[in-house]
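Counting starts at 1 for both ligands and their atoms, in listed order. Note: hydrogens, waters and symmetry copies are ignored here, and every other heavy atom, side chains too, is used.
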Amino acid sequence: MDNTRFFTFTAATLAISYLLFRTLRHTRQTIDEIRGPLSSSWVFGHMRELFFAPKYGNFEFQWLRKYGAVYQIKGPFGESRLVVADPAAMQYILNTPAHFRFSPSFDHSVRLLYPEQSVIRAHGEDHQRLRTALNPGFSAAAVRSYLPVFLRAAQSLTDQFDSRLGEITNVSPIFGRTTLGTVSEAILGYTVEDLGDEYTTNNLEILSFAANQSAVHIVADVLTGWIPNFLRDAAIKIPAAPFTTLNRAQCLASNIASRVIEEKVNAASQGVGGTGGFYGELVDQQRLGGGKSALTRDEIIAQTSILLNAGQDTTATTLALGLTELAQDIEFQEKLRTEVHSSLGGAGGGGEIAYDRMPLLNAFIKESLRMYPAEPITERMAVRDVVLPLTESITTVDGKQLSRIPIRKGQIVMLSVASYQRLASRWGEDADSFRPSRWLEREGVPGGEAMGPYANLLSFFGGPRTCLGWRFALLEMQVFICELVGKFQFSLPPQGAAGFRYGGTLLPTLPDGQKGALLEISRVT
Ligand code: HEM
């Protein structure tokens, strides 16, 4: 039997045994009393509706309106899952990592993509130590120091858009390469070209795998999540197409980081500071004996792929879908342009902009993050029996009111950021509309729990695993939008506005469902 067949056979046997065990063990619990849509497929449950609707949220946002902020759906193989958009419940789950971990299938994806010592794979004290070491590269002051990197990248966007005037342009790959470049320059001191063609081509292949997943992959991920870690880690070594691309990505990122470290160490031994971006500082700390939180050489190397990937498509998608909205609201676009020009002292005036004091710019960014959270939904699993608090009580199938939900160890919970950010109770009756001015009428939300690191949004999640790069992403978007809206007019092409669907993250889509966002670009006269 070859390797692939052996692993498939083992995975299938373990999965079937697990299913039998679960069915025999099942006793009625509170989640069975929670309302939710009926599923027409035992194998897929509601996963196809949730993840593969042609437009993200086609089903989810209807369920939200019908059943409220907590309801039950089916996962693969008849498993019950809780979908949660209730603020108190989400906050509890995100802030209590001792009670909720990544679900096995989410954990499996993270294992495929990132090395063991990377921050995203670490837990508990290890995670805290890595965050402490990495935080200085993402503090408000550090991010401000990256402004020249953002301004250079913005100028490069202008050059690229200038060469496409009057054309219908797919802005998605342009933003994707640019956002990869900014992180690379700020963190490694390398331009996107320095990363090398092999890295950037492999990176595109990985993004395309994620974008082209099918329901079968989701089921396979669930099955793989049930097999022991040692078998899963061995399976990753199988020389089959997705695995080789993923393994290559880790090798390439590791080679790049080793090169950066070597250059930095050589420069230091010759008494020259050198660049090396934030990695330069990490290497200095390590070389000079550092404090308790100094990372080892291997640990520094292990952060490279998550740092390069995490800020790429997330930021690019927010920009592409935000600009698509701007192209549909020319009046707001013009008002924003006026704000940009007056902050700059005229387009291209070269003045320094106080980005945080631009109400329209920041309202537009908040609304883009609210409507288009890059990770619209994620999975966590309860690692012990817990009781979930709720902001608003729910009515069970028997008409009982529940203000707290007891859930069992092993329960999978779908945390729906996208639904939370469309709760009428928090964002108003028009929560489904893109309307930046809502942010000017009141500060974010009218009280209640403070959520996430920014504007009560959960686009960057919250708790100990809050996005490390949220300040980085915000300043980067502020700089890019000022540059682009100040200089260009964006309008919709005859093909219409980009759609959006799920593909690992939220993706803007072309009319044929492929990843992309088309815009017509002209120079502001
Ligand atoms: C609009 C842009 C961005 C969005 C919406 C976003 C969103 C997120 C979210 C939702 C998570 C949590 C993932 C999870 O636990 O499942 C996360 C984690 C992370 N993000 Fe971001 N991100 C953005 C930009 C960035 C940038 C620019 C960087 C770095 C330069 C970055 C670095 C990270 C890292 C390192 C983590 C892992 C943190 C940990 O596990 O402790 N992100 N991000």
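Between N456 and M451, the closest heavy-atom pair is OD1-N, 2.7 Å. The minimum heavy-atom distance between A517 and N170, with the atom names listed, is N-OD1, 3.0 Å.
In this structure, atom 30 (C) of ligand 1 lies nearest to the protein heavy atom F138 CE2, 3.5 Å. The protein heavy atom nearest to atom 38 (C) of ligand 1 is R131 NH1, 3.4 Å. The protein non-hydrogen atom at the shortest distance from atom 23 (C) of ligand 1 is T314 OG1, 3.5 Å. The protein atom (non-hydrogen) at minimum distance from atom 28 (C) of ligand 1 is G469 CA, 3.5 Å. For atom 10 (C) of ligand 1, the nearest protein heavy atom (residue, atom name, distance) is F461 CD1, 3.2 Å. If you check which protein heavy atom lies closest to atom 26 (C) of ligand 1, you get G311 CA, 3.3 Å. Looking only at protein heavy atoms, the nearest one to atom 33 (C) of ligand 1 is A310 CB, 3.4 Å. In terms of protein heavy-atom proximity, atom 37 (C) of ligand 1 is nearest to I120 CD1, 4.3 Å.
Residue contact annotation: E476 has no non-hydrogen atom under 4.0 Å from ligand 1. Contact analysis puts R380 in contact with ligand 1, with a non-hydrogen atom separation below 4.0 angstrom.
Distances between N or O atoms of R465 and those of ligand 1 include at least one value under 3.5 Å. Residue-to-ligand polar distances place E375 within reach of ligand 1: an N/O pair is separated by less than 3.5 Å. Taking any N or O of T466, backbone or side chain, none lies under 3.5 Å from an N or O belonging to ligand 1. For the pair T378 and ligand 1, the shortest N or O to N or O distance does not fall below 3.5 Å.
Between T509 and K515, the side chains place no donor N or O within less than 3.5 Å of an acceptor N or O (distance only, hydrogens not considered). If you check the side chains of Y372 and E325, you find a donor sitting under 3.5 Å from an acceptor. Between the side chains of D126 and Q117, no donor-acceptor pair is found at a separation under 3.5 Å. In the model, W439 has a side-chain atom that pairs as donor or acceptor with a side-chain atom of E367 under 3.5 Å. Using a 3.5 Å distance cut-off with no hydrogens or angles, the side chains of Q155 and D159 do pair a donor with an acceptor. Side-chain atoms of S156 and Q160 include a donor-acceptor pair closer than 3.5 Å. For the residue pair S105 / E379, a side-chain donor-acceptor distance below 3.5 Å is found, with atom types taken as modelled. A donor atom on one side chain and an acceptor atom on the other are found under 3.5 Å apart for S437 and R435. Side chains of Q303 and S118: a donor-acceptor N/O pair is absent below 3.5 angstrom, by distance only. A donor-acceptor pair shorter than 3.5 Å cannot be found between the side chains of E375 and T314. A donor and an acceptor atom, one from each side chain of T179 and Q312, are nowhere located under 3.5 Å apart.
Here is the list of ligand 1 atoms found below 4.0 Å of a heavy atom in T318: 1 (C). For ligand 1, the atoms closer than 4.0 angstrom to any heavy atom of V183 are 30 (C). Each of the atoms 5 (C), 7 (C), 10 (C) of ligand 1 lies under 4.0 Å from some heavy atom of S459. Close contacts between ligand 1 and F472 involve ligand atoms 27 (C) [criterion: under 4.0 Å to a heavy atom]. Ligand-side atoms of ligand 1 in range of F106: 16 (O), range being under 4.0 angstrom from any heavy atom. The ligand atoms of ligand 1 that sit less than 4.0 angstrom from a heavy atom of H127 are 39 (C), 40 (O), 41 (O).
Between the choices G322, P373, A374, C467, the shortest heavy-atom distance to atom 18 (C) of ligand 1 belongs to C467.
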